[in-house]
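Worksheet: one structure, shown below.
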Number of protein chains: 2
Amino acid sequence: MFSIGELSRRTNVKVPTIRYYEESGLLDAPERTEGNQRRYDAVGLERLSFIKHARDLGFSIEAIAALIDLQGHPDRSCAEANDIATAQLSDVRAKIKRLRALEKELARISKGCDGDGVTEDCYVLASLSDHGLCEREH
Amino acid sequence: MFSIGELSRRTNVKVPTIRYYEESGLLDAPERTEGNQRRYDAVGLERLSFIKHARDLGFSIEAIAALIDLQGHPDRSCAEANDIATAQLSDVRAKIKRLRALEKELARISKGCDGDGVTEDCYVLASLSDHGLCEREH
DNA sequence: ATACGATCTCTAGTGACTAGAGGTTCAAGA
DNA sequence: TCTTGAACCTCTAGTCACTAGAGATCGTAT
Ligand SMILES: [Zn+2]
Ligand SMILES: [Zn+2]
Ligand SMILES: [Zn+2]
Ligand SMILES: [Zn+2]
């Protein structure tokens, strides 16, 4: 049995975030001391580690709630878990694609200015004013 | 002179977003009709196009405000504009790097599950429970 | 017994919008 | 000129995943 601060230290999840997860329904409300302080056990620690890892991989709170729900039904098909992971992967890939397009344009834009001129002639400002200078869509 | 709806159509920025930009100080408050409706001119259109383009490239409202301020002083050095663009490029690159690490782990995780088993044996759920299965940090 | 760090609840703020309520104005057609 | 209805107005609240702070209480070590 350990306090919320101890749980925080063991998982690298901040105390207010742990309370937020409880309020959001991701974490079960733990036991309390007589003085109303939360006390966790190994199950709580494992659960929070799962949540932390999933958040680090970019899953939304909603997706994590669904995954936790699945975990609670060990004999159900895991198709939905697979769907959630696949959707997350697609999402990440879409973000990468978009960011790569931005990277190309930004590299071009920042290369066009050495920071030595005046703003009137600045290629950064000119580029932002005119998408026609961009080499592709973004 | 045209309405906010017309400005919205020409820039592909939604009407409430235009009002939000005005409230945030990015757009000057335009003239109003006797009945209190906003009326824009070419200058407003140009300004909003600039903002839209910068937002599409991922610049924050705050950065855009700084860039607009620089635009208003044509004879000042453009070093700051260059700094802002460079910082944005670094930011995008850092995001790409992180997302690529996530992509690798997520690809491994979702490949390890074909969605045919039960959740008890699911590699997706096992991987989320145990960061030790990950091949690298993320 | 006292001190003091940790914990409690509650409210509000972040960024960049988006949605909705309830009311007013504009412009086109009759 | 009148009427209709789309477009406009302001204001509040909601989104996501936290983060910050106030003010009060608790737990534990000395
Ligand atoms: Zn420059
Ligand atoms: Zn562009
Ligand atoms: Zn599976
Ligand atoms: Zn991992």
Quick one: [X] [atom1] to [N] [atom2], roughly how many Å, whole number?
{"X": "A:F59", "N": "D:dC16", "atom1": "CZ", "atom2": "C1'", "answer": "17 Å"}
{"X": "A:E23", "N": "D:dC16", "atom1": "CD", "atom2": "C1'", "answer": "13 Å"}
{"X": "B:Y20", "N": "D:dG14", "atom1": "OH", "atom2": "P", "answer": "18 Å"}
{"X": "B:I4", "N": "D:dA6", "atom1": "CD1", "atom2": "C1'", "answer": "15 Å"}
{"X": "B:F2", "N": "D:dA7", "atom1": "CZ", "atom2": "P", "answer": "17 Å"}
{"X": "A:R19", "N": "D:dT19", "atom1": "CZ", "atom2": "P", "answer": "13 Å"}
{"X": "A:L27", "N": "D:dA17", "atom1": "CG", "atom2": "P", "answer": "15 Å"}

Point to revise | Partner of B:H138 by side chain to side chain donor-acceptor pair (under 3.5 Å), out of B:R98, B:K104, B:H131 | key: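 Of all the options given, the one that passes is B:H131.
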
**Study point:** Selected nucleotide, minimal atom distance to B:R32 side chain, candidates D:dT10, D:dA17, D:dC8
**Key:**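 Side chain of B:R32 sits closest to D:dT10.
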
Point to revise | Carboxylate-amine/guanidinium contact B:E103 B:R100, below 4.0 Å | key: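 Result for this pair is no, no salt bridge flagged.
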
Check your understanding: Looking at B:E22 and B:R19, does any basic side-chain N land under 4.0 Å from a carboxylate oxygen?
Key ->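 Salt bridge flag = no for B:R19 with B:E22.
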
Check your understanding: Is A:T33 reaching over with its side chain to a backbone N or O of A:G35, donor-acceptor style, under 3.5 angstrom?
Key ->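 Looks like yes, one N/O pair under 3.5 Å.
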
**Study point:** N/O donor-acceptor pair under 3.5 Å between B:D41 side chain and B:G44 backbone
**Key:**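 Such a contact is found between B:D41 side chain and B:G44 backbone.
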
Review point. Going only through I, L, V, M, F, W and Y residues with side-chain contacts under 4.5 Å, is there a path from A:L102 to A:I96?
Key: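 Looking at the clustering, A:I96 is in the same group as A:L102.
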
Check your understanding: Would you say the side chain of B:D28 lies within less than 4.5 Å of the side chain of B:V43, judging by non-hydrogen atoms?
Key ->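 SC-SC contact between B:V43 and B:D28 ruled out.
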
Exercise for review: May I ask you to test the B:L48-B:Y40 pair for a side-chain heavy-atom distance under 4.5 Å?
Suggested key: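 The answer is no, as the side chains (C-beta and beyond) never meet within the 4.5 Å cut-off.
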
Exercise for review: Assign A:S24 to base, sugar-phosphate, or nothing according to its heavy-atom contacts below 4.0 angstrom with the strands shown.
Suggested key: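 The answer is nothing, as A:S24 stays clear of every strand by at least 4.0 Å.
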
Exercise for review: May I ask you to check whether over 12 heavy atoms, not counting those of B:E62, lie within 6.0 Å of atom CD?
Suggested key: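 No - once you tally the heavy atoms of other residues, nucleotides and ligands closer than 6.0 Å, there are 12 at most.
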
Using a cutoff of under 3.5 Å, can you pull out all pairs of nitrogen or oxygen atoms linking the protein to nucleotides 23-28 of chain D, with atom names and distances?
unit_1, atom_1, unit_2, atom_2, d
D:dG27, OP1, A:T33, OG1, 2.7
D:dG27, OP1, A:G35, N, 3.3

Point to revise | Boundaries of the chain B footprint along DNA chain C (any atom under 4.0 Å from a heavy atom) | key: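 The contact span of chain B on DNA chain C goes from C:dA16 to C:dC26.
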
